Number of protein chains: 2
Amino acid sequence: MHVTLQDVAKLAGVSTKTVSRVVNNQSEISQATRRRVQAAIEQLGYRPNILARSLVNKRSDTLAVVAWGLEFYGGPPRVLVGIEQQIFELGYSMLFSLLPRPDDTNINPVLDAFVDRRVDGIVWALPEIGDNHKWVKPERLKSLPPIVFVSMEPRPGLSVVAIDNRAGAAQAVRHLIDQGRRKIGVITGPTTWWESRERYEGWKDTLQCAGLDASPSLVVEGDWSAASGAQGIRQLLEQRPDIDSVFAGNDQMALGALGVMHSLGRNIPGDIAIVGFDDVPEAGFYWPPLTTVYQQLTEIGRIAVQMLHKLIKARRQGQDDAEPSTILLTPQLVVRASSA
Amino acid sequence: MHVTLQDVAKLAGVSTKTVSRVVNNQSEISQATRRRVQAAIEQLGYRPNILARSLVNKRSDTLAVVAWGLEFYGGPPRVLVGIEQQIFELGYSMLFSLLPRPDDTNINPVLDAFVDRRVDGIVWALPEIGDNHKWVKPERLKSLPPIVFVSMEPRPGLSVVAIDNRAGAAQAVRHLIDQGRRKIGVITGPTTWWESRERYEGWKDTLQCAGLDASPSLVVEGDWSAASGAQGIRQLLEQRPDIDSVFAGNDQMALGALGVMHSLGRNIPGDIAIVGFDDVPEAGFYWPPLTTVYQQLTEIGRIAVQMLHKLIKARRQGQDDAEPSTILLTPQLVVRASSA
DNA sequence: TTGTAGGCGTTATCAA
DNA sequence: TTGATAACGCCTACAA
């Protein structure tokens with residue numbers, strides 16, 4: 001079926017090892033034979049069997065990636081693009097898996113599939129929700145290739161890349177305060193999500209430091225969807241008719257809030273200022289254009305793969321796993337008309 | 001490093017072949033030895049090396065997927081989710097690649113990487129743009145595993161799954177006509193895109209059949225972005241101040257158009273009705289909620305993989321490639337306030 | 001029911 | 001500079 005080294009060797013009148021050397025640009029080979037072999041390779045359309053190579057080399061040059069939620073909002077795809085680009089640029093292939101649910105704790109089948117295929121490393125790009133990180137234990141990690149976690153709460157001994165959600169939320173709230181707002185409500189994502197809690201804490205800390213009200217009546221919980229944002233702001237207005245601004249945990253919920261304001265005939269930002277989080281590509285075209293917090297998600301993906309690459313190289317050199325590190329990127333506020 | 005069949009065999013006091021039988025649930029084995037072997041497997045934490053297995057079986061149980069544009073709009077991620085789910089459910093692993101540019105004609109490195117890894121099949125999930133399908137020739141395909149194309153113009157001899165964009169656009173325009181609109185402009189995607197041309201043709205055919213104006217002054221070309229939608233409607237209003245509605249080639253461009261209408265103080269749908277295409281999750285929360293065309297993108301992904309699976313099985317049984325087929329899914333109009 | 005021998009396609013070792 | 005031989009981990013054929 002497929003052309004093999006043997007076929008090429010036979011045609012070129014050399015040994016398989018010689019062909020192998022040509023294929024891998026190894027050591028010195030006489031120009032003459034090299035050319036002869038190369039001609040044979042092209043004539044036969046030879047392509048090396050990476051599986052066989054991996055078997056003997058004990059490395060698959062493949063990285064595994066686990067993700068979730070590509071279809072629901074804009075974040076995961078952007079992270080994935082960064083991951084894929086960096087994987088490709090480093091010469092790896094990418095094995096890809098989605099979890100059916102983000103808080104799935106039944107992750108062993110996924111991990112086993114990766115191990116069975118002898119991937120060189122794993123990028124775990126799932127949000128931290130509830131207990132879904134509990135499987136990460138030293139004894140389990142020992143039987144796995146190096147792993148880098150994306151968007152998980154940093155923990156000693158683990159390699160983690162994440163956005164500093166707290167700092168991002170603080171920027172957003174600080175901006176509202178600077179605009180003269182004093183009654184600042186918040187629509188959080190699900191409190192089971194670490195990222196969501198961080199954004200909430202950023203809201204709370206900033207208000208408290210400024211000596212402003214951060215009481216529970218200013219807080220409602222959404223589920224990231226625009227519908228929950230709409231529901232959320234209705235509830236907020238009921239609890240606290242005096243609010244002058246709202247910080248939403250993501251752009252979708254902010255969008256839902258905008259819609260409710262329109263249908264109530266309220267003016268934005270005149271009556272109420274609204275700020276989101278994420279800076280989805282459309283945010284600048286919402287009505288009014290949405291002030292939000294831009295996250296370097298593609299960069300996060302790239303950095304995660306770079307870290308992983310280092311861990312892999314380190315383990316190969318017998319360094320008993322290079323010191324794991326944590327990288328937190330600080331997002332950037334993007335001011336638009338919904339708040340100014 | 002890794003536990004092998006040999007290790008298990010030694011511990012259980014049997015031959016490697018016996019262990020292999022247990023691992024693969026093969027033929028009859030005495031309960032006694034089976035249990036003994038299984039105990040050894042668990043004790044050692046044995047995991048089969050799929051690479052070695054693939055080498056001898058001449059099948060990797062891996063499907064390759066090529067995509068593009070995950071970060072720009074909502075379509076590709078939804079297709080990808082369907083692809084991944086179906087791949088997983090059929091017991092394959094998924095090798096994943098993104099192209100840096102969708103109209104890249106330099107696809108040989110990508111294909112080679114797949115062939116080198118002996119993938120069992122390929123899902124080519126790239127939009128058809130310009131000449132980017134020209135590499136698909138019988139002689140090239142012969143040296144490749146089975147391929148299914150997603151969102152490409154159907155061609156004899158190829159397996160293609162796509163949305164019937166023309167029918168979708170026709171539904172949208174027909175709806176506008178039914179609402180009493182008579183001067184219906186269109187903001188198309190890039191005309192280099194097959195999908196975009198199809199939607200344009202749907203617009204044109206429907207208007208012509210209804211005896212309405214479909215002249216070039218009613219047409220502007222965007223690039224799928226919200227910004228181009230904004231630019232597009234400005235240009236349309238200049239060319240044809242008399243338009244009473246606009247069909248946008250996707251939801252992003254429709255969103256851009258909505259924004260311009262707001263800033264001009266025009267009423268939607270009173271002054272101008274607007275219809276999009278895609279039904280992104282947020283479309284129902286745009287202001288006003290956007291009438292648009294829902295595409296079964298996840299379904300497209302699943303169907304593509306199912307077709308691929310059949311092609312693979314057929315080729316294994318020596319059927320000289322099962323008859324390739326084309327599947328066109330008809331999208332569904334979703335009526336919201338922007339047009340009614 | 002179980003085991004032995006051989007090979008899948010590649011690379012490393014070590015000798016020529 | 002080249003080549004024979006032995007792995008890598010698994011599975012199939014054929015025996016026992």
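Just so we're clear, the structure is a prediction, and the values are computed from it rather than from any experiment. Just so we're on the same page: letters track the sequence lines, and every chain starts at 1.
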> Under 3.5 Å, is there a donor-acceptor pair between the B:N132 and B:R101 side chains?
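No.
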> Under 4.0 Å between a Lys/Arg side-chain N and an Asp/Glu carboxylate O for A:R155 and A:E128?
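A salt bridge is present here (some side-chain N lies under 4.0 Å from a carboxylate O).
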> Report the nucleotide, chosen from C:dG3, D:dG3, D:dC10, that has the shortest atom-to-atom distance to any side-chain atom of B:Y46.
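Of all the options, the side chain of B:Y46 is nearest to D:dC10.
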> Let me know the distance between CG of A:L51 and C1' of C:dT10, rounded to the nearest Å.
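To the nearest whole Å, that distance equals 11 Å.
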> For the residue pair A:Y46 / A:H2, report whether a side-chain donor-acceptor contact shorter than 3.5 Å exists.
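Looking only at side-chain atoms, A:Y46 and A:H2 do not form any donor-acceptor pair under 3.5 Å.
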> When you check the gap from the basic side-chain N to the acidic O, do B:D7 and B:K10 get nearer than 4.0 Å?
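Looking at B:D7 and B:K10, the cut-off is not met.
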> Is there a side-chain polar atom (N or O) of B:N49 under 4.0 Å from OP1 or OP2 of D:dC8?
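For B:N49, the contact criterion (side-chain N or O under 4.0 Å from OP1 or OP2 of D:dC8) is not met.
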> Does a side-chain N or O from A:N57 land closer than 4.0 Å to OP1 or OP2 of C:dT10, or not?
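Answer is no, no contact under 4.0 Å.
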> May I ask you to evaluate whether B:K58 reaches the phosphate of C:dG9, defined as a side-chain N or O under 4.0 Å from OP1 or OP2?
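It does, given that an N or O in the side chain of B:K58 lies less than 4.0 Å from OP1 or OP2 of C:dG9.
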> Applying a 4.0 Å non-hydrogen cut-off, can you work out what A:V23 is touching in the nucleic acid: base, sugar-phosphate, or nothing?
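Answer is nothing: A:V23 stays at 4.0 Å or more from every strand.
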> Take atom CG of A:N24 and atom P of C:dG9, then tell me their distance rounded to the nearest Å.
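So the two atoms are 17 Å apart, to the nearest Å.
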> Counting just side-chain N and O atoms, does B:T33 come under 4.0 Å of either OP1 or OP2 of C:dT2?
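So the side-chain polar atoms of B:T33 do come within 4.0 Å of the phosphate oxygens OP1 or OP2 of C:dT2, strictly under.
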> Measuring from the side chain of B:L55 (C-beta onward, heavy atoms only), which nucleotide among D:dG9, D:dG3, D:dC10 has the closest atom?
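From the listed options, D:dG9 comes nearest.
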> Specify the separation, in whole Å, of atom CD1 of B:I50 and atom C1' of D:dC8.
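Value for this atom pair: 16 Å.
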> Identify which nucleotide among D:dC10, C:dT11, D:dC11 has an atom closest to any side-chain atom of B:T4, counting heavy atoms from C-beta outward.
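So the nucleotide nearest the side chain must be D:dC10.
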> Tell me whether the side-chain N/O atoms of A:S20 come closer than 4.0 Å to OP1 or OP2 in C:dT11.
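Looking at the OP1 and OP2 atoms of C:dT11, one of them is under 4.0 Å from a side-chain N or O of A:S20.
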> Would one find a side-chain N or O of B:S15 under 4.0 angstrom from OP1 or OP2 of C:dT2?
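For C:dT2, OP1/OP2 do not have a side-chain N/O of B:S15 under 4.0 Å.
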> Please check the phosphate of C:dT1 (OP1 and OP2 only) for any side-chain N or O of B:S30 closer than 4.0 Å.
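Answer no for this pair, as no side-chain N or O of B:S30 is under 4.0 Å from OP1 or OP2.
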> Could you state the NZ-C1' distance from B:K10 to C:dG3, rounded to the nearest angstrom?
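Answer to the nearest Å: 16 Å.
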> Measure CZ/B:R21 against P/C:dT1 and give the value in whole Å, please.
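For the pair B:R21 CZ and C:dT1 P, the rounded distance is 10 Å.
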> Can you identify which nucleotide, out of D:dC10, C:dT10, D:dG9, has its nearest atom closest to the A:V56 side chain?
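Nucleotide nearest to A:V56's side chain: C:dT10.
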> Under 3.5 Å, is there any donor-acceptor pair linking the side chain of B:R47 to the base of D:dG9?
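No.
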> Atom CG of A:L44 and atom C1' of C:dG9: how far apart are they, to the nearest Å?
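My rounded result for the distance is 15 Å.
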> Can you check the A:R35 CZ to D:dT1 C1' distance for me, whole Å?
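Roughly 15 Å, once rounded to whole Å.
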> What is the distance from atom CD1 of A:I147 to atom CZ of A:R140, rounded to the nearest 0.5 Å?
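Going from CD1 on A:I147 over to CZ on A:R140, the span is 8.5 Å.
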> Hey, which sits more toward the 5' end of DNA chain C by its nearest nucleotide, B:K17 or B:R118?
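Looking at the nearest nucleotide for each, B:K17 comes out on the 5' side.
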> Just the rounded figure in Å: distance from P of D:dG9 to CZ of A:R53.
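Distance, rounded to whole Å: 18 Å.
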> Do A:D116 and B:R53 meet the salt-bridge criterion of a basic N to acidic O distance under 4.0 Å?
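Judged by the 4.0 Å cut-off on N to carboxylate O distance, B:R53 and A:D116 do not form a salt bridge.
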> Between C:dT11, D:dC8, C:dC8, spot the one nearest the side chain of A:T16, thanks.
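When the side chain of A:T16 is considered, C:dT11 is the closest of C:dT11, D:dC8, C:dC8.
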